[in-house]
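Okay, structure first, notes after.
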Amino acid sequence: MNYWLLKSEPTTFSIDDLVKSDKKTTYWDGVRNYQVRNMLRDDIKSGDKAFFYHSNCKPPGIAGIVDIVKSGYPDPSAFDKKSKYYDPKSTDEKPIWYCVDVKFVEKFDEVVSLDQIKNHPKLKNMVVARKGSRLSITPVTKVEWDLILGML
DNA sequence: GCCAACGTTGGC
DNA sequence: GCCAACGTTGGC
């Protein structure tokens with residue numbers, strides 16, 4: 001079992017939007033970065049857990065927890081001509097982009113802010129806190145996971 | 001709105 | 001294959 005951090009801009013899709021989703025589940029689509037694609041395809045498995053991170057907002061930080069309920073499969077939005085994520089290079093035979101399904105578990109009473117993480121002596125090296133870290137999915141260690149939960 | 005830190009594209 | 005130009009992310 002592995003731990004992850006999933007970034008989303010709350011103006012696009014927030015943890016509250018996930019709560020309102022059918023069965024509190026959605027597919028994590030629209031990833032168009034190869035490093036993240038590889039994680040979705042190869043590493044993120046059903047049963048893993050992830051932090052739901054709000055980016056590009058005030059304050060940026062971890063808003064809650066989700067479960068991965070379906071491992072990597074071809075991202076349907078890449079085949080959808082009406083989607084802004086449509087990519088004609090991705091085909092049924094050779095899909096380029098992948099997604100996973102995530103289910104709501106918990107929303108924190110207070111966001112664990114990026115500022116708190118950066119100021120924590122044992123968390124300041126988390127991938128998401130590193131300068132220039134732009135990947136929309138990053139791995140989280142069990143130690144980091146437990147420390148974050150300890151800050152609630 | 002600015003800009004650092006990347007990733008991607010395309011000419012050569 | 002190199003690298004300049006361009007695009008995107010996301011904190012500030």
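Every chain is numbered from 1 and lettered A, B, ... according to where its sequence line falls, protein lines coming before strand lines.
With sequence neighbours excluded, the residues that form a salt bridge (Lys or Arg N to Asp or Glu O under 4.0 Å) with A:Asp67 are A:Lys49. Applying the salt bridge (Lys or Arg N to Asp or Glu O under 4.0 Å) test to A:Lys107 and every residue at least two apart in sequence or in another chain returns A:Asp16. Applying the salt bridge (Lys or Arg N to Asp or Glu O under 4.0 Å) criterion to A:Lys142, with sequence neighbours excluded, gives A:Asp146. A:Tyr73 meets the side chain to side chain contact (heavy atoms under 4.5 Å, CB included) test with A:Tyr27, A:Lys70, A:Pro76, A:Cys99, A:Asp101; sequence neighbours excluded. By the salt bridge (Lys or Arg N to Asp or Glu O under 4.0 Å) test, A:Lys89 is found to be paired with A:Asp87, residues two or more places apart in sequence or in another chain being considered.
Proximity of residues 124-133 of chain A to DNA chain C (heavy atom under 4.0 angstrom from any strand atom) is not detected for any residue. Near DNA chain C, meaning a heavy atom under 4.0 Å away, there are no residues from residues 72-86 of chain A. For the contact set between residues 50-62 of chain A and DNA chain C, defined by any heavy atom under 4.0 Å, the members are A:Tyr53, A:Ser55, A:Asn56, A:Pro60.
The separation between A:Gln35 atom CD and C:dT8 atom P is 18 Å, rounded to whole Å. If you take CG of A:Asn33 and P of B:dT8, they are 6 Å apart, rounded to a whole angstrom. Following rounding to the nearest Å, A:Ile96 (CD1) and B:dT8 (P) show an atom-to-atom distance of 12 Å. One can place CG of A:Leu114 at 18 Å from P of C:dT9, the figure rounded to the nearest angstrom. Rounded to whole Å, atom C1' of B:dT9 lies 10 Å from atom NZ of A:Lys89. A straight line from CG of A:Leu135 to P of B:dC6 spans 10 Å, rounded to a whole angstrom. Going from atom CZ of A:Arg134 over to atom P of C:dC12 covers 15 Å, rounded to whole Å. Between A:Asp115 atom CG and C:dG11 atom C1' the separation is 11 Å, expressed in whole Å.
The ring pair (Phe, Tyr, Trp, His ring centres under 6.0 Å) pairs that include a residue from residues 123-152 of chain A are A:Tyr3-A:Trp145, A:Phe51-A:Trp145, where partners are two or more places apart or lie in different chains. Annotation: ring pair (Phe, Tyr, Trp, His ring centres under 6.0 Å) contacts involving residues 106-137 of chain A, sequence neighbours excluded, are absent.
Looking at A:Ser77 and A:Asp75, their side chains do bring a donor and an acceptor atom within 3.5 Å of each other.
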Output side-chain donor-acceptor pairs under 3.5 Å for residues 126-138 of chain A, partner residues at least two apart or in another chain, one line each.
{"residue": "A:Arg130", "atom": "NE", "partner": "A:Asn125", "partner atom": "O", "Å": "3.0"}
{"residue": "A:Arg130", "atom": "NH2", "partner": "A:Asn125", "partner atom": "O", "Å": "3.1"}
{"residue": "A:Ser133", "atom": "OG", "partner": "A:Val127", "partner atom": "O", "Å": "3.0"}

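The nearest pair of heavy atoms linking A:Leu152 to A:Glu110 is CD2-O, 4.4 Å.
Closest to the A:Lys7 side chain, of the nucleotides B:dT8, C:dG10, C:dG11, is C:dG10.
When hydrophobic residues (I, L, V, M, F, W, Y) are linked wherever their side-chain heavy atoms come within less than 4.5 Å, the members clustered with A:Tyr34 are A:Ile96, A:Trp97.
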